[in-house]
Novice: 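My questions all concern the structure below.
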Amino acid sequence: MTASLLERARAGEVLADLDIVDMHGHMGAFDFAIPQLGAAELVAAMDRTGVRQVLVSHMACMTGRVEAGNDEVLAAMRARPGRILGYVTVWPACAEAVEKETLRRLGEGFTGIKLHNSNGFPYSDAAYEPALRLAHERRLPVRLHKWGRAEAFAQVREFAARYAGASFL
């Protein structure tokens with residue numbers, strides 16, 4: 001009988017025979033119990049488990065310090081090219097600033113976009129529109145948290161239909 005993926009991982013087996021891409025990684029600190037890992041520590045953890053690539057966002061997405069967080073993600077991407085990929089995070093106080101930061105980071109090689117609704121802004125906030133439009137046009141993944149809330153699912157269903165070129169995770 002072959003062991004399941006879960007059984008193999010729980011046994012501490014390195015899953016190097018699989019092509020694993022972790023679509024939800026973090027850098028930086030916030031009020032969550034998430035270890036604050038630098039690029040070297042993150043890749044070491046990936047090597048211990050058999051993860052080939054990870055897409056990360058910075059916990060600064062919960063604050064107005066998104067540019068500084070995106071800078072840290074960019075540094076990690078450059079320190080470990082091909083292993084650490086970045087989600088652009090934005091602070092949706094102003095649509096023009098969202099568009100500018102998204103374009104800047106996509107030009108630097110970020111792979112997708114991470115939006116949050118626990119930062120005081122609902123996903124339906126108009127300032128998120130430039131990021132969603134760019135994800136649609138460039139066929140990028142958009143990582144979201146819904147926390148199981150019906151209103152968040154309704155918002156996501158609405159703009160997923162409008163921005164069908166994006167992949168919503």
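Just so it is clear, the structure is predicted and the values come from calculations on it, not from any experiment. In what follows, every heavy atom counts, from backbone to side chain, and hydrogens, waters and symmetry copies are set aside.
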Novice: Decide yes or no for Asp71 and Arg105: does some side-chain heavy atom of the first lie under 4.5 Å from some side-chain heavy atom of the second?
Specialist: yes

Novice: Angle between ring planes, Tyr123 versus Tyr128, binned at 30° and 60°: parallel, tilted or perpendicular?
Specialist: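 Ring orientation, 0 to 90° scale: tilted.
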
Novice: Answer whether the closest heavy-atom distance between the side chains of His24 and Lys114 falls below 4.5 Å.
Specialist: yes

Novice: Within the structure provided, determine whether His58 and Glu67 are in side-chain contact (heavy-atom separation under 4.5 Å).
Specialist: no

Novice: Roughly how far, to the nearest 0.5 Å, is SG of Cys94 from CD of Glu101?
Specialist: 12.0 Å

Novice: If you take all heavy atoms of Val54 and Leu42, which pair is closest and at what distance?
Specialist: CG1-CD2, 4.0 Å

Novice: Within the structure provided, determine whether Glu72 and Met59 are in side-chain contact (heavy-atom separation under 4.5 Å).
Specialist: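 Not in contact.
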
Novice: Please find the pair of heavy atoms, one from Pro92 and one from Asn119, that lie closest to each other, and give the distance.
Specialist: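 That would be CD-ND2, 4.0 Å.
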
Novice: Are Met77 and Phe110 close enough that some pair of their side-chain heavy atoms sits under 4.5 Å apart?
Specialist: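 Yes, side chains in contact.
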
Novice: Under 4.5 Å between side-chain heavy atoms, hopping through other hydrophobics if needed: is there a path connecting Met46 to Leu15?
Specialist: yes

Novice: Locate the shortest heavy-atom distance separating Ala95 from Pro130; write the atom from each residue and the value.
Specialist: O-CG, 3.4 Å

Novice: For side chain to side chain contact (heavy atoms under 4.5 Å, CB included), just list the numbers for Leu134 and Leu103, CA-CA rounded to whole Å, side-chain angles, deciding distance to a tenth of an Å, and then say yes or no.
Specialist: CA-CA 8 Å; Leu134 288 163; Leu103 284 168; 3.8 Å; yes

Novice: Phe153, Leu169: one ILVMFWY side-chain cluster at the under-4.5 Å cut-off?
Specialist: no

Novice: Step by step, work out the side chain to side chain contact (heavy atoms under 4.5 Å, CB included) result for Glu99 and Arg133.
Specialist: CA-CA 9 Å; Glu99 182 166 31; Arg133 177 179 39 78; 2.8 Å; yes

Novice: Going through the checks in order, is the side chain to side chain contact (heavy atoms under 4.5 Å, CB included) test met by Thr49 and Ile20?
Specialist: CA-CA 10 Å; Thr49 57; Ile20 300 172; over 6 Å; no

Novice: Would you say the side chain of Thr89 lies within less than 4.5 Å of the side chain of His116, judging by non-hydrogen atoms?
Specialist: no

Novice: How far does CZ of Arg162 sit from CG of Leu132, to the nearest 0.5 angstrom?
Specialist: 8.0 Å

Novice: Consider only side-chain heavy atoms of I, L, V, M, F, W and Y, link residues closer than 4.5 Å, and tell whether Tyr87 and Val21 are in one cluster.
Specialist: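 The answer is yes; both residues are in one hydrophobic cluster.
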
Novice: Closest approach of Ala135 and Ile113, non-hydrogen atoms and distance?
Specialist: CB-CD1, 3.8 Å

Novice: Given 3.5 Å as the limit, does a donor-acceptor pair link the side chain of Arg83 with the main chain of Arg52, or not?
Specialist: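 Yes, the answer is positive, given that a donor and an acceptor are paired below the 3.5 Å cut-off.
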
Novice: Could you go through Met27 and Ser57, starting from their C-alpha distance and side-chain angles, then the distance that decides it, and tell me whether this counts as side chain to side chain contact (heavy atoms under 4.5 Å, CB included)?
Specialist: CA-CA 6 Å; Met27 295 187 74; Ser57 62; over 6 Å; no

Novice: Show the nearest heavy-atom pair for residues Val90 and Val66, with the distance to one decimal.
Specialist: C-CG1, 3.7 Å

Novice: When rounded to the nearest 0.5 angstrom, what distance separates CZ in Arg138 from OG1 in Thr102?
Specialist: 9.5 Å

Novice: Between Phe168 and Tyr163, does a ring-ring contact (aromatic ring centres under 6.0 Å, His included) hold up when you go through it step by step?
Specialist: CA-CA 9 Å; Phe168 292 93; Tyr163 304 104; 7.4 Å; no

Novice: Going by heavy atoms in the side chains, are Thr111 and Gln53 under 4.5 Å from each other?
Specialist: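 Sidechains of Gln53 and Thr111: no contact.
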
Novice: Using side-chain heavy atoms (C-beta onward) and a distance below 4.5 Å, is Met23 in contact with Leu55?
Specialist: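 Yes, at least one pair of side-chain atoms sits under 4.5 Å.
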
Novice: Looking at Gly86 and Val73, what are the two nearest heavy atoms and their distance?
Specialist: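 Looks like CA-CG1, 3.7 Å.
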
Novice: According to a 4.5 Å side-chain heavy-atom criterion applied to Ile, Leu, Val, Met, Phe, Trp and Tyr, with indirect links allowed, do Leu85 and Val88 form part of one hydrophobic cluster?
Specialist: no

Novice: Mind checking whether Val142 and Val56 sit in one hydrophobic cluster, side chains of I, L, V, M, F, W, Y counted as touching below 4.5 Å?
Specialist: yes

Novice: Does CZ in Arg65 sit with more than 12 non-hydrogen atoms of other residues, nucleotides or ligands closer than 6.0 Å?
Specialist: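 Open: at most 12 neighbouring heavy atoms sit under 6.0 Å from CZ of Arg65.
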
